[in-house]
Amino acid sequence: MSQTQGSTESGSTMESILDEHRHFKPSKAFSSNAHIKSMAEYEKMHKRSVDDPEGFWADVASELHWFKKWEEVLDWRLPDAKWFVGGTTNICYNCIDRQIDAGLGNHTAIVWEGEPIVDEDGHHAGGEPEVRKLSYYDLRREVSRFANALKGLGVQKGDVVTIYMPMVPELAIAMLACARIGAVHSIIFGGFSASAIRDRVEDGKSKIVITADGGWRRGKVVPLKDNVDEALTLTDLVDTVVVLERCQNDIHMVDGRDHWWSDLTATASEHCPAEEMYSEDLLFILYTSGSTGKPKGIMHTTGGYMVYTYLTSRYTFDLHPRQLCDEELNEQCRGDMYWCTADIGWITGHSYIIYGLLPNRVPTLMYEGAPDFPEKDRFWDIIERHKVTKFYTAPTAIRAFMKWGREWIDKHDISSLKVLGTVGEPINPEAWMWYHKVIGNEKCPIVDTWWQTETGGHMLTPLPGATTTTPGSCTKPFFGIDAAVVNSEGEEVGENEGGILVIRKPWPSMLRGIYGNRERFIETYWSKIEGFYTAGDGARKDENGNFWIMGRIDDVIVVAGHNLGTMEVESALVSHDAVAEAAVVGFPHEIKGTGIAAFATLVGGIEETDKLKAEIRDHVAKELGPISKPDKLRFTPALPKTRSGKIMRRLLRDIAAGREITGDVTTLEDKGIVEKLQKQTD
Ligand code: WT7
C-alpha cells in the first residue's frame, strides 16, 4: 500500500507531502460562536463519548421526541447493535412536528430550486428560476396527504416502497411520508437504468414504485417513467406505480397500475398521525455496490440513525437555526441556510439533506439540476440568491469548477458562506486549496467528511470551530467513534504507516445488515479482522492523530464520488453479445478522481472496430446507468492472468494509468499480452 494521501492510484507528488505541513486553524471569531470551540473541548467530549457511550448518546437522544423512552441505550452482541431498545419514536415527527410543537411551524424547512429558468408563462427562457419554499406546516400537510394516499393504495407498516424520482420537493415528501407511516423506503438514484430498478425492486420485494414523468437535467428531460416501464417488463412484482407530473412530457399510463400523484393527493386528508415506531424498526434500505456480485441493500433503522445524523449535522456543519429575535435583519438571528448538492438517492442526501438536517431546524436547500445549466455559474448564483451559509459538495465537482475557471465565481457575491464540506472520495490538496481560496475566500473552515452508506453518518471529520485542518486529511473521529488503522492481525500500526481502517466500537447509525443476506453482511464487514467493523478503506494516521484515507482495498472504485463495483461493470460488459471476457480497473482521472478503464476480449471471429467499442460502452451505460460507462475500453486477445487463472489487475491498473509496469510479473502466464496492451491506444 502506498503511503500518500488520496486514492492509492493517484500517486504522490512533492506538493502533497508539503501540504501535510500546511495547517489551517479556525479563526477566533468563528470559534467563539461555534458549538465546539476548541480542540480541548472536542477531546474532552470525545473521551466521554467513548468511555461512556450510553450516557453520551442518551443525552443526545433526549433532545428529540420519543413517544416512549427506551429501556436500554445499547444492546451490543457483535455484529448486532440495538440502540435505544424498547423506545418508540418517529423520525418524520422529529423532522417536522417537533418544530411545529415548538411554535416554529412557519419557519422554512425546505427551499427548492428547479433547473429550468422559466418566465411567467412557463417558458424555459429568460426570467427567474422556479423556487418553492416549504414551511414545517406546508411540509406536514403535504407529507400527511401523501402518507394517506399511500395508505389508500394499501401500503402498510413494514412494506418496502421504491422511490425513483428527480430532485423535487415531492421526493422529500415521499420519503418522509413513508417514514411517517412506518413503510420502508428504498430510493433509487434517478441516474440509474431499468435493470438497476428491476434488481432493487426484486431484492426488496417491493410492490410499489413512486416516480415522475421526468426530471430536468441540463435542459433535457430524464425519462424516469419510461425507465420504470422498461424495468416493469423485466419483473412482475410491482402492481402499483405513482407518477408525479413534473415535465409534462409524453408518457404512457398503464390502466389499473399507474396513478397520478395529483389525483391521489387531491382527495387525501391532510391529517395523518405519525406512527409510533420502535427504535430498531427498519427505516430504509439503500443499495451500494460491493466488490462482487449484485449491490447490497444496506439496512438502517429508526432511532440510532436519527440521533446520529442529528448530532453529526449540527456539529460537522456547526448549524445554527434562525433565532426568534429581530428576524431577518441581523445575521445571527437569520441563522443558517444549508445546501448539500448531492442527490437524495445517495446516502449523503438521505442523511445530510433530509434526516439529519430537518431536526436541526435549519432550512435545507434542494436543487434539481446540473451545475452548468444554463451556465457554469449556476451554483454560485444559487448561493448568492439564497444566501447559503453552509455548502456541502464532492471533490469531483470541485475539480470541475477549478477547470471551468474562477471567472464564474467572481461574477457572484458568495460571501454568505461560512463552512465548506466535501465528501465521497479523497480530496487532492490542490482541489482543497482551491476550495479554500476561491470559494471560501480563506475564511471558511473546510470539513472533509469520511463516511459510507454503511456508517449512516460522518465518522472522521473536522469540527469547524475546533479542528486544525490539513489539505487532504479527514482529520479526527466524530463523537462516539473509536477508529483505528490496523494490520491484518488487528494490531494498531505505527505512525504514518498504511493499514486497514477499522471501527472498534458500535455507533448509533451503523448498518444493521444487508437486506436478505446475513452471510454477506458478516463476510463483508465483520470477518476481515475479528471484533472490528472493516470499512474496506486503507488509511494511515499521522503524528498529529489525523487520518488520511488511501483508497479502497477491495475492488470497489469511487468514480466521481460514486461507489462502483468493478464486478458489476464487468458483468455488464460480458452481457454484450460480442464480449467474451472483461476486466475493469480504475485509473487517475482529472475530473472524476477515478475513471473506469475496461479491457475486453471479443468472441472469436468478431472484428475489433471503433464502432463496436462505442457500442459496448453505450451498452454498459444502458445496463447500469451513465456513471458506469467506461471511459476507456481496450480490446485484447486475452486478459493478463496468473497461472492459477487470476486476472492481474495491478498490471491493468498500470497499463490504464500509462505507468511503467514495475511489480513482479513472474506469475504472469503470457507476457506478450501485456506488451500488446501497452502499445494500444484507447
Ligand atoms: C466510500 C463510501 C459517504 C457518502 C458518499 C459515498 C470513499 C467517502 C470520503 C472522504 C476519502 C472517502 C471511501 C468510502 N469516501 N468519503 N472524505 N475521503 N474517501 O458513500 O458510496 O458508501 O462510499 O467512499 O472509500 O469507503 P459510499
Side-chain angles (χ1 to χ4, degrees), residues 64-68 84 87-102 104-105 107 109-110 112 134-163 165 168-187 204 206-210 240 242 244 259 261-262 264-286 299-307 309-310 344 349-351 353-361 364 366:
L64 294 166
H65 172 270
W66 295 78
F67 295 106
K68 185 165 147 261
F84 311 110
T88 61
T89 184
N90 185 293
I91 195 168
C92 177
Y93 191 98
N94 277 289
C95 284
I96 306 173
D97 306 58
R98 186 174 151 263
Q99 281 54 272
I100 295 174
D101 296 346
L104 309 174
H107 285 206
I110 294 178
W112 172 81
L134 285 91
S135 66
Y136 295 102
Y137 277 135
D138 297 333
L139 195 55
R140 183 165 69 180
R141 192 176 56 245
E142 297 305 319
V143 166
S144 297
R145 277 211 182 114
F146 194 63
N148 283 325
L150 287 176
K151 282 187 185 172
L153 292 168
V155 174
Q156 293 181 353
K157 198 168 172 171
D159 288 353
V160 176
V161 175
T162 302
I163 302 179
M165 291 182 81
V168 292
E170 285 78 6
L171 167 52
I173 290 165
M175 72 197 282
L176 287 162
C178 288
R180 197 165 186 87
I181 63 172
V184 175
H185 57 71
S186 166
I187 304 184
S206 171
K207 298 203 303 217
I208 174 166
V209 178
I210 302 166
T240 309
V242 179
L244 175 81
H259 310 263
W261 174 296
S262 52
L264 296 175
T265 49
T267 52
S269 154
E270 54 185 63
H271 299 285
C272 176
E275 197 72 31
E276 195 168 332
M277 303 300 291
Y278 276 107
S279 179
E280 282 301 329
D281 280 342
L282 192 55
L283 175 64
F284 66 83
I285 310 171
L286 183 61
M299 296 177 1
H300 283 289
T301 56
T302 306
Y305 175 82
M306 170 176 87
V307 170
T309 54
Y310 164 69
I344 287 181
H350 281 59
S351 301
I353 297 179
I354 302 297
Y355 287 130
L357 257 290
L358 292 175
N360 274 292
R361 301 175 172 168
T364 180
M366 287 173 70

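All values below were derived from every heavy atom in this structure, side-chain atoms included, with hydrogens, water molecules and symmetry-related copies excluded.
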#### Entry: Full working for side-chain contact (heavy atoms from CB on, under 4.5 Å) between Ile181 and Lys157
CA-CA 6 Å; Ile181 63 172; Lys157 198 168 172 171; over 6 Å; no
### Message
Could you walk me through whether Met277 and Thr88 satisfy the side-chain contact (heavy atoms from CB on, under 4.5 Å) test, starting with their C-alpha distance in whole Å, then the side-chain angles of each, then the deciding distance to 0.1 Å, before giving a yes or no?
### Response
CA-CA 5 Å; Met277 303 300 291; Thr88 61; over 6 Å; no
### Message
I'd like to know whether Val184 forms a side-chain contact (heavy atoms from CB on, under 4.5 Å) with Val161, so could you lay out the CA-CA distance, the side-chain angles of the two residues, the decisive distance to 0.1 Å, and finally the verdict.
### Response
CA-CA 6 Å; Val184 175; Val161 175; over 6 Å; no
### Query
Glu275 and Arg180: side-chain contact (heavy atoms from CB on, under 4.5 Å), yes or no, with the steps?
CA-CA 6 Å; Glu275 197 72 31; Arg180 197 165 186 87; over 6 Å; no
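The closest donor-acceptor contact from the side chain of Asn90 to the backbone of Ala179 lies under 3.5 Å. A donor-acceptor pair is defined here as one N or O able to donate and one able to accept, closer than 3.5 Å; no such pair exists between the side chain of Thr162 and the backbone of Ser206. In terms of modelled atom types and a separation under 3.5 Å, the side chain of Thr89 and the main chain of His65 share a donor-acceptor contact. Side-chain atoms of Arg145 do not come within 3.5 Å of backbone N or O of Ala266 as any donor-acceptor pair. Panel note: side chain Thr301, backbone Leu283; no donor-acceptor pair is recorded below 3.5 Å. Looking only at distances, no side-chain donor or acceptor of Thr364 sits under 3.5 Å from a matching main-chain atom of Ile110. No donor-acceptor pair closer than 3.5 Å links the side chain of Asn94 to the backbone N or O of Leu64.
Proximity of Arg361 to Tyr136: side-chain heavy atoms (C-beta onward) are separated by under 4.5 Å at one or more points. The closest side-chain heavy-atom distance from Ser351 to Tyr305 is below 4.5 Å. Side-chain contact check for Ile187 versus Met175: some heavy-atom pair is nearer than 4.5 Å. In this structure, the side chains of Thr302 and Ser279 stay at 4.5 Å or more apart for every pair of heavy atoms. Side-chain contact between Ser186 and Ile163 is absent, with no heavy-atom pair separated by less than 4.5 Å. In this structure, Phe146 and Val242 have side chains that are in contact, with non-hydrogen atoms separated by less than 4.5 Å. Residues Tyr310 and Tyr355 form no side-chain contact, since every pair of their non-hydrogen atoms from C-beta on lies 4.5 Å or further apart. A heavy-atom distance below 4.5 Å is found between the side chains of Met165 and Trp261.
In terms of heavy atoms, Leu134 sits closest to Asp138 at CA-OD2, 3.6 Å. Of all heavy-atom pairs between Cys92 and Leu176, the closest is SG-O, 3.5 Å. Taking all atoms of both residues into account, the shortest heavy-atom contact from Gly303 to Trp66 is CA-CH2, 4.0 Å. Taking every heavy atom of both residues into account, Ile100 and Gly105 meet most closely at CG1-CA, 3.9 Å.
By the 4.0 Å N-to-carboxylate-O rule, Arg98 lies too far from Asp101 to be salt-bridged with it. Using a 4.0 Å cut-off between charged side-chain N and carboxylate O, Asp159 and Lys207 make no salt bridge.
The distance between the ring centers of Tyr278 and Phe84 does not fall below 6.0 angstrom. Ring pair His185/His350: centre-to-centre distance below 6.0 Å.
Side-chain contact, Glu270 with Ser144: no donor N or O sits under 3.5 Å from an acceptor N or O.
The CD atom of Glu170 sits 8.5 Å away from the OG1 atom of Thr265 when rounded to the nearest 0.5 Å. Atom CG in Leu286 sits 12.0 Å away from atom CD1 in Ile344 (nearest 0.5 Å). One finds the NE2 atom of His300 at 10.0 Å from the OG1 atom of Thr309 (value rounded to the nearest 0.5 Å).
In terms of the salt bridge (Lys or Arg N to Asp or Glu O under 4.0 Å) criterion, Glu276 has no residue partners (sequence neighbours excluded).
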